[in-house]
Amino acid sequence: MTNYIGTATSRIDGRAKVTGEAKYAGEFNITGLAHASVVASTIAKGRIARIDASAALSVEGVLDVLTHLNRPPMASADSAYDDDTAPEGSPFRPLYNDRIWFNFQPVALVVAEKPEIARFAAALVRVEYEEQAHVTDLHRQRDKAFALEPGKNHSAPPKPRGTAEQAFAAAAVRHRGEYYVPIEHHNPIELFASTVIFESDGKLTVYDKTQGVQNVQRYLCNVLGTEPEEVRVMSPFVGGAFGSGLRPQFQAVLAALAARALKRSVRLALTRQQMYGLSYRPAMIQQIELGASAGGTLDAIAHDAITVTSQYEDFHRQETGWSGLLYRCANATYAHRLARLDLETPCDMRAPSAATGVYALECAMDELAVALKLDPLELRLRYYSDRDQNTDRPYSSKSLRECYRQGSQAFGWDKRNPEPRSTRDGTELVGWGMASGVWEALQVPIAARIVLTANGHAEVSCATSDIGTGTYTIMAQVAAEMLGLPLDNVTVKLGDSTLPQSPVEGGSWIAASVSNGIATTAGAVREELLRLAKQMPNSALADATADEVTLADGMLVSKRDATCAVSIAEAMRHRGVDRIEQEKSTTFDDDGSHAHNTHSAVFAEVKVDEELGVIRVTRVVSAIAAGRILNTKTARSQIIGGVVWGIGMALHEETLIDHNFGRIMNANIAEYHVPVNADVYDIDVIFVDELDAIVNPLGIKGLGEIGIVGVAAAIANAIYHATGMRVRDLPITLDKLQR
Ligand code: MOS
């Protein structure tokens with residue numbers, strides 16, 4: 001049997017990961033490796049007046065201290081620092097000049113024989129600043145926020161539709177609320193690190209923690225002013241990134257600058273605290289207004305958002321557009337403004353814009369259901385839309401109705417007493433809430449190479465990453481199935497800039513893209529095999545055409561007549577061919593006639609201690625519609641991870657800034673709270689069948705992001721149902737539930 005797509009296949013890299021055999025960016029060793037440590041700014045805005053590195057340089061084992069004054073040359077043009085995912089603006093240039101843009105900004109780099117020496121000496125570098133007044137408080141800047149402009153800003157909100165103002169005026173019930181999501185930081189287990197090997201010919205081999213090796217390679221070449229063959233970037237394993245590795249981060253440039261300055265291999269691993277100066281999910285103030293008729297129609301939606309960006313780039317996604325997309329509604333308006341703060345530029349974080357925007361929408365829908373005295377699920381079914389409401393297009397597939405049905409059934413939603421504070425379990429109030437989730441089914445141009453050898457082994461390769469999502473495994477499954485080989489006979493290579501072209505892994509677009517890419521390449525291998533098979537004496541496939549044959553169990557088989565088959569190995573040996581190599585690029589031509597989205601229905605149970613306000617999320621059912629599921633085991637893990645993150649978003653996560661100093665106070669995972677085992681109870685994941693013959697030949701949609709969307713709203717809505725208290729500011733900590 002060589003049918004692997006859709007099965008619960010264990011990770012092919014699982015053993016390497018749990019035994020420590022899998023190497024991460026900070027673990028590649030070479031004789032003579034030097035170690036670097038960052039000196040980070042302690043102010044939020046201003047200029048470096050003076051740097052005294054003498055004490056650091058006098059420590060035995062210190063090799064050099066790099067600052068903006070003595071670093072090797074680097075590009076001066078803003079455009080050299082652009083990368084594939086850079087927003088509009090002028091990207092940050094580490095150690096470029098004396099300007100301070102944010103706290104924790106790198107201002108010097110100490111390089112030493114040992115990491116401990118580098119870190120100790122970094123503490124001895126004296127930096128004097130000319131400080132300027134900073135602002136890091138979004139609430140203070142909200143009135144100064146500026147509107148995104150269509151044309152200038154690539155994700156400006158969709159065009160308004162209908163006449164929202166009149167529809168609101170005529171609405172029987174109106175709900176208006178302001179919702180807040182704080183800054184949240186990515187906290188992958190693996191610290192950001194780069195090991196730069198200075199090869200004997202001066203070329204650089206960079207082991208980097210990144211979601212896109214070719215993106216980092218292009219970036220480093222531009223910044224260092226060098227050619228692609230001079231820099232090879234590798235990232236065979238990534239210990240989580242969640243968007244923080246989409247852009248090349250400053251440790252890669254700093255390590256490369258140091259390697260060039262010293263003509264020596266250098267590793268730079270950031271500390272957990274320094275990672276709070278890399279990227280974050282922008283805080284978001286949003287106002288949602290909904291207008292509905294008593295008879296069951298949604299007549300108007302207005303969604304107004306303010307998000308954070310830095311002083312030097314305009315980071316944003318289409319945070320408001322989700323609101324007009326999801327439900328049947330004739331009138332919709334959107335506004336999105338950016339507020340500049342003295343912080344680094346935000347970055348994508350799992351389901352960027354949807355995790356936050358849909359949170360507000362789905363809480364507002366719950367509040368509307370209460371106002372209309374309707375069951376929240378019934379409300380969503382009444383407003384259900386089979387068309388993308390923003391662009392008025394049909395979906396290539398949309399099985400959200402089935403998510404509602406299967407999710408509510410598994411949860412037991414029909415037993416819900418609609419009255420808040422109506423259910424108790426001992427000293428705890430019990431609440432049930434639900435929400436919908438939506439994400440895009442994106443796909444990107446990609447190339448894949450297959451090398452098939454006569455011994456029945458295949459190597460499949462692509463420069464994509466596996467950020468922990470299971471890409472190695474699904475690539476092996478698709479290749480094995482398409483080539484008719486046992487899974488164990490397939491080797492996967494990825495995370496190397498010299499491999500066939502791939503964009504960054506993010507946005508849930510790689511699974512669909514690389515799988516279809518492998519299918520295309522496997523098709524070319526099959527054609528080549530057929531050409532060989534036809535040349536065999538009395539070939540059983542003499543008259544077969546390429547689309548009439550398939551590869552299964554080591555054979556090239558006619559789809560019309562399974563007895564017409566030729567062994568792959570024999571066909572190759574007969575012609576004296578010991579390897580077939582094919583590399584194909586795949587693009588996804590979209591005629592724009594259909595919308596492609598994934599959906600979810602999330603049901604949550606909370607128990608809230610009535611005296612103390614302590615909240616437990618005791619049960620979550622997440623029903624997902626995401627096209628054809630490649631691997632039900634790794635897919636389930638992705639959704640569980642998203643649900644756990646949603647629990648964190650609802651109850652725990654919040655980056656706290658002391659605005660007097662413009663400095664993050666909880667830049668560590670002791671005080672930046674994330675869910676731990678004790679916070680996680682039952683999570684039930686359901687994948688509903690969703691056949692999609694339009695989105696791509698294999699019907700795959702991808703599902704990294706969809707797992708988190710809607711979860712925080714379902715929990716917030718459950719907390720309202722338990723307590724009768726509506727908290728619109730995340731995270732919902734126990735102090736916010738005191739009466
Ligand atoms: Mo995706 S924003 O890279 O989790």
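For clarity, every value in this text was computed on a predicted model and none was experimentally measured. We count ligands from 1, going down the list as the structure has it; atoms in each ligand are counted the same way.
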A.B. asks: Could you list which atoms of ligand 1 come closer than 4.0 Å to a heavy atom of Gly506?
C.D. replies: 3 (O)
A.B. asks: Suppose we measure from atom 1 (Mo) of ligand 1 to each protein heavy atom; which comes out shortest, and what is that distance?
C.D. replies: Glu705 OE2, 3.2 Å
A.B. asks: Ligand 1 and Gly507, any nitrogen or oxygen pair closer than 3.5 angstrom?
C.D. replies: no
A.B. asks: Are Arg232 and Asp496 within salt-bridge range, i.e. N to O under 4.0 Å?
C.D. replies: yes
A.B. asks: Among Arg350, Met349, His186, which residue places a heavy atom closest to atom 4 (O) of ligand 1?
C.D. replies: Arg350
A.B. asks: Over 60° means perpendicular and under 30° means parallel, so tell me whether Tyr207 and Phe28 are parallel, tilted or perpendicular.
C.D. replies: parallel
A.B. asks: So which of Asn597, Asp692, Asp590 actually passes side chain to side chain donor-acceptor pair (under 3.5 Å) with Ser396?
C.D. replies: Asp692
A.B. asks: Is it true that, when you exclude Arg449 itself, more than 12 heavy atoms of the residues, nucleotides or ligands shown sit nearer than 6.0 Å to its CZ?
C.D. replies: yes
A.B. asks: Using a 4.0 Å cut-off to any heavy atom of Asp348, which atoms of ligand 1 qualify?
C.D. replies: 2 (S)
A.B. asks: In terms of heavy-atom contacts, does NZ of Lys17 have more than 12 from other residues, nucleotides or ligands at under 6.0 Å?
C.D. replies: yes
A.B. asks: Looking only at protein heavy atoms, identify the closest one to atom 3 (O) of ligand 1 and say how far it is in Å.
C.D. replies: Gln211 NE2, 2.8 Å
A.B. asks: Answer with side chain, backbone, both or neither: which part of Ala241 has a heavy atom less than 4.0 angstrom from an atom of ligand 1?
C.D. replies: neither
A.B. asks: Please determine whether any non-hydrogen atom of Gly704 lies less than 4.0 Å from an atom of ligand 1.
C.D. replies: no
A.B. asks: Whether the His673 and Glu653 side chains hold a donor-acceptor pair (N or O, under 3.5 Å, no angle test) is what I'd like checked.
C.D. replies: no
